[in-house]
Amino acid sequence: MRRTEMSVPYGRSRILLVDDEAEILVALTDLLEDEFDILSCTDPLEALAYLKKSPDIAVIVSDQRMPNMTGDVLLSKAREFSDARGILLTGYADLAAVVAALNQGRIQFYAHKPWESDALRAMVREVSAHHRLERALMTERVLLHGAMESVPMDGVFTTADGTVLRHNFDVDPALDAKEDLTEEMLFSESLRPEITAMREETRERGNLVRLVSEVTDRGVRWYEITRQTLPWPRNAAGVPCPSEERWQFNLGRDVTERLAMEERLRQDDKMHALGTLAGGIAHDFNNLLTAMLGSLELLQDLSPSDAPMVTKLFDNALDSARRGTVLTRRLLEFGRPKPVALRSVNLVDLVWSMRDLIVQSLSRASDLRGETGRCALDLSAVPQDLVVPCVLSDPGQLEMALLNLCINARDAMPDGGIISIRLANDQDATGAPCVSLTVEDQGCGMPPEIIRRIFEPFFTTKGLGSGTGLGLSTIYGFLQRSGGDIRVKSVPGQGTNMTVILPLCAAEPEEEETSDLSGEGSFRPLRILLADDEAGVRLVTEQFLTQDGHQVSSVPDGSDVIIHLDKGEQFDLVVLDLLMPVMGGRECGQILAERYPALPVLYVSGYADPENLPAQAFVLGKPFTPQDLRDAITRTMRRKT
């Protein structure tokens, strides 16, 4: 409920009567008890004890002449710990004491004995009302002071012209002591024009909410400022407003972190939507690429070996299709990030094992683009006897990240240059020990506005057709999922450092499990049932299998697989596409596991989530080569046997 007026607590006030004559107390009680709650005593010392026990006493009506203590002294002592207002009952001989008590603020009224009943009752009523008003004002003051001191926001009350009435800013005491302190003095130089303009606009509109910003040594800070006018209370009849225009209240708070969080949430939503879109596109592309690559490889086997131009054209087409495969894989990793398989990794071994691949990528790319500039790889900072702690990461994805960073460094040096790789012991953002892997180039560098965006998906500074904008976003996602990080240092014209931060692993690096898949054709020719809804993929896969001597039956859906098997047909292996319109591979595989548990099943996927598959299921990703298919069949058959 909105409250713009001060509330005054009404109700029966408590009155303390003090007189050494009991009959006087009885008479005063009879006079006042209809309107007030009465306490009475004949001893001033006892009265002081009452006051300490009852802080809600509003009025003290005391006789002046009493044996142990005079009334003015009693009221003076009571003022030390009680806000009760005093009325003194006196005789004419006590006039000097009354005047002194009035001048010192010990009493508010006095009455002569014998008193006039109506006048005394009215006197007590007025003093009680005064006490209630004082209590209400004190309550408002405490609430205002508490709010101003405890609210985690900067608040200031001002007049219409900006003169400060109250504020809770943390400012220099010398500034706070200025009599002509204005609102603008509380704000930084860059915000003052905005504050002045907002005050003028609030004067016309009554209230205003606005976001303002300033550049500080901590970067750009954003503030949400709320202003409103304060109307003079409607119940203040006869009390003129002290200003021709209404006062204003300004409340501001730093919302930089909140805005950053909102931006991250919006970015997450955008990434999710883009990921869904990218995944759908990647699925369709994988089917197309599987048919294209398979058809090209089959045609290449059929082409004459003595036609060099035909061979060159086939190589060109296959290379382009494989580049499409890499792009599709990046789309898939962005749309549905690949789960990381964390293990202990020796970075020195990893870097040197990739040396030839990186060098080949640098030189081959220059040849394809017809560039004269050559990029050289410098591993002098990573000698093979260098000792650094093992890190916890996914070696496969880490290799892809390193290759991607080197290719980006190459693209930043069209005229050639040196790409250096360094390893060093480092610390992450929390101060924990880690190892840093840095790729440094001598290229064009990047300005700050570009650095802020390089990890956004689909953002690229390369020319049309030269970059997808998915490489760095994929690396960033992989590092975030594996407990790593990446730092960027770049100066236009002076090159770029990309530093990957990797957490340490206490365990020794595991020996990678390898299987000798040579001679896998030793499996006898198999009778295979193939299910894929894409006719082109089905045709290529069938040809791959037939070339290896297998006998193949192909169907367009998982439901057809069940029909063939339920009719009693015998097969050694079922190859199932995971995503089919009527019955997908997952549902079909579950039925096969129940009805034909001894029958091996190889799953093929262009995008579908491989989770919730039967135990020991093997998934072959599209597109695939004939050798990929052979290896997948071998693993599937081995697992089943």
Side-chain angles (χ1 to χ4, degrees), residues 315-316 319-320 322-323 326-327 330 345-388 391 393 395-426 435-447 450-451 454-455 460-463 465-476 478-479 484 486-502:
D315 288 341
N316 184 56
D319 182 70
S320 297
R322 291 181 184 118
R323 287 168 61 192
V326 174
L327 171 59
R330 288 179 179 174
V345 179
N346 185 314
L347 285 177
V348 177
D349 292 345
L350 182 141
V351 171
W352 277 95
S353 69
M354 293 188 64
R355 178 184 178 279
D356 293 341
L357 175 61
I358 295 173
V359 170
Q360 182 182 12
S361 299
L362 301 183
S363 59
R364 186 181 180 197
S366 297
D367 293 339
L368 290 175
R369 294 195 300 264
E371 297 172 354
T372 57
R374 290 292 187 270
C375 294
L377 180 64
D378 178 13
L379 293 182
S380 61
V382 192
Q384 289 184 290
D385 59 354
L386 177 67
V387 177
V388 293
V391 299
S393 188
Q397 297 194 53
L398 185 56
E399 288 177 353
M400 289 298 297
L402 176 57
L403 180 61
N404 201 315
L405 292 177
C406 290
I407 292 174
N408 282 352
R410 174 206 69 194
D411 293 341
M413 299 186 294
D415 297 327
I418 298 176
I419 297 174
S420 302
I421 298 179
R422 298 194 307 271
L423 294 176
N425 293 307
D426 208 329
V435 176
S436 62
L437 169 64
T438 300
V439 176
E440 179 180 4
D441 65 59
Q442 300 170 326
C444 56
M446 296 177 289
I450 297 297
I451 295 176
I454 59 174
F455 297 114
T460 179
T461 58
K462 300 176 183 178
S466 300
T468 64
L470 288 173
L472 288 176
S473 64
T474 302
I475 292 173
Y476 181 79
F478 151 62
L479 291 172
I486 186 167
R487 302 170 184 164
V488 183
K489 181 180 179 182
S490 185
V491 178
Q494 299 182 26
T496 299
N497 286 7
M498 291 281 190
T499 301
V500 174
I501 304 299
L502 298 165

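Between Ile501 and Ser436 the shortest heavy-atom distance is CD1-CB, 3.8 Å. Heavy-atom minimum distance, Met446 versus Pro492: O-CD, 3.6 Å.
Put simply, the side chain of Trp352 never gets that close to the backbone of Leu379: no donor and acceptor are under 3.5 Å apart. Gln442 contributes a side-chain N or O that, together with a main-chain N or O of Ile418, makes up a donor-acceptor pair within less than 3.5 Å.
How far CG of Leu398 is from CG of Leu403: 11.5 Å, rounded to the nearest 0.5 Å. Residue Ile407 holds its CD1 atom at 9.0 Å from CD1 of Ile358, rounded to the nearest 0.5 Å. In this structure, Ser490 OG and Asp441 CG are separated by 7.5 Å, a value rounded to the nearest 0.5 Å. The OG atom of Ser380 sits 10.5 Å away from the CD1 atom of Ile421 when rounded to the nearest 0.5 Å. Here the CG-CG distance, from Leu502 to Leu437, works out to 6.5 Å after rounding to the nearest 0.5 Å. A distance of 7.5 Å separates CZ in Arg410 from SG in Cys375, rounded to the nearest 0.5 Å.
Asn346 is not listed as a side-chain neighbour of Val388, based on a closest heavy-atom distance of 4.5 Å or more. The shortest side-chain heavy-atom distance between Ile451 and Thr496 does not fall under the 4.5 Å cut-off. Annotation: side chain of Leu402 is in contact with side chain of Leu350 (closest heavy-atom distance under 4.5 Å). Using a 4.5 Å cut-off on side-chain heavy atoms (C-beta onward), Met498 and Ile475 make no contact.
With no hydrogens or angles considered, no side-chain donor-acceptor pair links Asn497 and Thr499 at under 3.5 Å.
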- Message: Walk me through whether Asp378 and Glu440 qualify under side chain to side chain contact (heavy atoms under 4.5 Å, CB included).
- Response: CA-CA 10 Å; Asp378 178 13; Glu440 179 180 4; over 6 Å; no

- Item | Test log, rule side chain to side chain contact (heavy atoms under 4.5 Å, CB included), inputs Arg355 and Val382 | CA-CA 11 Å; Arg355 178 184 178 279; Val382 192; over 6 Å; no

